Amino acid sequence: MGFSFTRNTLILLLWIIIGVFQVKAQVARLPADEVQGLREIAAQVGKKDWNFGVDPCSNESSWATPRSSLRPLYNNSLICNCSYPSGVCHVIKLFLKGQDLDGVLPPSLVKLPYLNTIDFTRNYLSGTIPPEWASTKLEIMSITVNNLSGPIPSYLGNITTLIYMSIESNLFSGTVPPELGNLVNLENLILSANNLTGELPVALTNLTKLTELRISSNNFIGKIPGVFQSWKQLQKLEIQASGLEGPIPSSISVLGNLTELRISDLLGNGSEFPPLKKMTGMKRLMLRSCNLSGPIPAYISQMTNLQILDLSFNKLEENVPDLSGLYYLQYMFLTSNLFTGNIPNWITSRDSRYQMDLSYNNFSQTSVPPTCTGNQNFFQSFSGQDNSLLAECLKNNPCPKEQYSLHINCGGIATTIGNIEFEEDQDPAGVAKFVSVGNSWGLSSSGLFWDVNSTSNQYKATNVSILRMNNSELYTSARLSPLSLTYYARCLANGNYTVKLYFAEIVFRDNKSFYSLGRRIFDVYIQEQLVLKDFNIDNAAQGVDKAIVMEYKAIVRNKVLQIRFHWAGKGTTAAPQRGTYGPLISAISVEADFSPPGNSKMKILIGVGAGVLVLFLFFLILVILWWKGYIGSRISREKELQGLDLQTGFFKYRQIKAATNNFDAANKLGEGGFGTVYKGILLDDSIIAVKKLSSRSKQGNREFVTEIGMISALQHPNLVRLYGYCIEGNQLFLVYEYMENNSLARALFGLDEHRLTLDWSTRQNICVGIARGLAFLHEESTLKIVHRDIKTTNVLLDRDLNPKISDFGLAKLDEEENTHISTRVAGTIGYMAPEYALWGYLTYKADVYSFGVVALEIVAGKNNMKYRPNENFVCLLDWALVLQQRGNLMELVDPKLGSEFNKEEAVRMIKVALLCTNPSPALRPNMSAVVSMLKGQTAVHELVMDPSIYGDVLSIRALKDQSGQILQQPMSSNEAESITQSSNAKWAGSSSISTRDLNSTNLNY
């Protein structure tokens, strides 16, 4: 008996002890001194959204953004290690990436003694590196793309634990301190895109573990140091436009582990090809503008893993070796060398996967392919008697007559400025491409945007904000190049010309954001004479989105004028994101300084003109008779649709009219607040949706085109894609992708024949998709947009029932067109946030409120304003608040779901919806946090609110303008105060007078 009691007692005590340790493990928290350190860090960097009401090592959204929802530019997370024997947690990693923080690098990092990783990439932090960091145990330090300046502090050499250090794309100046040689554990050293000077210290040879060294775009002096014997572990070496002189030392041959070598734009003397024979694992090789001479060595053919070969702008000669065995060689640039002989068959026979640029060489004319288009660029690639070197590529396009002017809207549509017509330049160009536009001009595009996936849209830029300069049509788009871009004008009469180059920086921004930290530097040549060296558009125009026109004189002697834009490796390549660099040109104008010869030919011209006029009048009469139906028949729909390309962004009225069968009522998909939507069918049987907007003033058309250009650039899986637009007089049309399953409103509570059966997983996916789309508009896109009218009719469903938000950006367009209404509020009754409905106070939190209402409708399958369980309730939201107080949220779930739904997800969605519809905007989450909560990655903080007195809010006054349209006007302060007092300030504000009719069968794009 006693033994049994003792054994049971021991077991009980053991369980108690285990339970105590489990409780301790469960309540393990970050020590108070580290929490205080985080508070100081937040104040120093300008981080304002950390929630110190919860433990920083928890999974709260303000401390850790789930990786699955991140874009590469952004990361907002803190990582703790809670496995220490003492049972406490310690911060080990801190990521504040892409947060636009405008403070300083935090000295208080020293108060996180276990910290080993910091990533402050892409912010707007200023100042320099604090001396307190010298006592840290950091292993990884990235402060890439910031506004940091001053010399690199020597005390960085005390952080001997460092393995990775990147200070790329800042404003550091002075010499590289020799103390960096103390970082004997360093494997990655990235110093590119600063203003560093002086010689590289010999002490860097102590860094024997280096696998990556990047020192591009600086102002170093002296020759490339021949100290490569100390860096035998190097795998990546980048020395582009560093300021260093050549030649490339022969000691580079010891770097047998290199997989990527980039050396470009060396000063001083050149040499023959450097000895790279041991680098058989090379994947990306660039020796550009290095003054190399002689032949390409045959051993290049043994680099079987080679993917990119760039030997452009050297003095290499003789024949190109046979590299046909390099299966992975996708890009090859031999631009501007002295190669002779025949163009090898292995080059001309390669298919379109392989892109090769052999422009500006001396190959045999007979070996040039019959056409110079495609993914192989042979522009000016041969020697011949024709000094223009264009005859072979253009032998089938003889000059019909001499030209005296040329005007090009680079990368844009045809535009008329005054009495000058600028021709369109819409070809996507590319890595190695020659483009001939008619007989008079063309372009040659050479180069690859390194470190990013190559796409055709990289070679054109579109403005990301409204342009307010004169002739803004010329600057809404521009042509880009990562290396060399040549525009040529041919068939020009010989003589003197005035060349005008139109520039505006439309990619970088002018604000306290990492989007303002880029430095674009390039050169410009006219007739191969350097006219602009290290040109910076932002500096020259004294700001972004500002136009500057550079004017030059040029002489045409062989009927050809060439203008070349060249990137020589200078400036930033990672700000605001990788692959942002190179020449950018908005428009080109060429005008003869002499009058065309006309006296001797005037009579002939008059006679020809008179004949043409008679023919024109005759043709005009025939057209009128045809249009009235007296002769012939209408041009076939097929002919009208020819040339309709969804990639251009601009559509002709006749094409849209043909696609919609003259806006046949049978093709009408719906009618919303911004206009009527029609279904259109193209020649390939693909379907589009055409929104016919209400008429606008001609003045409004300019802003319309600018804004639509920016909106169409926004692409996300949960946004309806805008292909482009059409202007016909004062009538405007938008062309969208077609959504097979119409609107969410029709699917949820439309007529029986239209209503869809949406199971729970579909509803969950729809809700998360809408949240993702709004998070993109609010937080991730370069053009931040508040939608203003989120509702179920503005959520469309594709073939697979994926949700896509429509009409984003249109409320702002409509507002700008009606600028005489200073108090206009756009929105729909039942979805508008109270602060917006009552006082016209608009932030992205208004969309969060509207999303909350939509989320309730998704889970309940009922329309917010049409559902009233009895006369005591105003709407669905009112009923949900009552059920929340009663603790019976499950009663909200759509009965049509039966028991086939995930109860946990349903309750979570309702709680998130109620959190989003909080009367106070400050207490609503942002949309990225909503996505995290809906996916169950973050806990939902439930706030119980009292139901509102909706009747008082419904007393908002409705005004009518002269056309009779119902407009929303915010309440006066007295009206708002009386309603607020009568409702004890507990309103939810879900009702308002609408500027849009709510119609569940509408299809809004």
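Reckoned from all heavy atoms, side chains included, excluding hydrogens, waters and symmetry mates. We count residues from 1, following the sequence as given. Values in this document were obtained by computation on a predicted structure and should not be read as measured data.
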Quick one: CG on Leu796 to CG on Leu719, what's the gap to the nearest 0.5 Å? 11.0 Å

A side-chain contact here means heavy atoms from C-beta on lying under 4.5 Å apart; do His787 and Ile790 qualify? yes

State, with a plain yes or no, whether a side-chain heavy atom of Met909 is found less than 4.5 Å away from one of Ile858. yes

Below 4.5 Å, heavy atoms only, C-beta onward: do Glu779 and Met927 meet side chain to side chain? yes

Are any of the side-chain nitrogens in Glu780 or Arg772 under 4.0 Å away from the carboxylate oxygens of its partner? no

Can you list everything that forms a side chain to side chain donor-acceptor pair (under 3.5 Å) with Ser761? Sequence neighbours excluded, please. Asp759

Decide whether Asp847 and His778 meet the rule of one side-chain donor and one side-chain acceptor closer than 3.5 Å. yes

Within the structure provided, determine whether Leu722 and Val735 are in side-chain contact (heavy-atom separation under 4.5 Å). no

Residue pair Lys935, Glu905: steps toward the salt bridge (charged side-chain N to carboxylate O under 4.0 Å, His left out) verdict: CA-CA 8 Å; Lys935 295 173 67 177; Glu905 288 181 348; over 6 Å; no

Any salt bridge between Asp878 and Arg868, counting N to O under 4.0 Å? no

If we ignore angles and hydrogens, is there a donor and acceptor under 3.5 Å between the side chains of Asn76 and Lys47? yes

Under 3.5 Å, is there a donor-acceptor pair between the side chain of Asn918 and the main chain of Leu923? no

Quick one, Tyr867 with Phe873, criterion ring pair (Phe, Tyr, Trp, His ring centres under 6.0 Å). Give me CA distance, side-chain angles, the key distance, then yes/no. CA-CA 9 Å; Tyr867 178 72; Phe873 300 100; 8.9 Å; no

Do the ring planes of Phe663 and Tyr678 sit parallel (below 30°), tilted (30 to 60°) or perpendicular (above 60°)? perpendicular

Basic-acidic side-chain contact under 4.0 Å: Arg721, Glu737: no

With sequence neighbours left out, what residues match Cys767 under disulfide (SG to SG under 2.5 Å)? none

Under the salt bridge (charged side-chain N to carboxylate O under 4.0 Å, His left out) test, which residues partner Lys903, sequence neighbours left out? none

Distance-only, no hydrogens or angles: does the Lys791 side chain make a donor-acceptor pair with backbone N or O of Thr828 under 3.5 Å? no

For the CH2 atom of Trp760 and the OG atom of Ser899, what is their distance to the nearest 0.5 Å? 14.0 Å

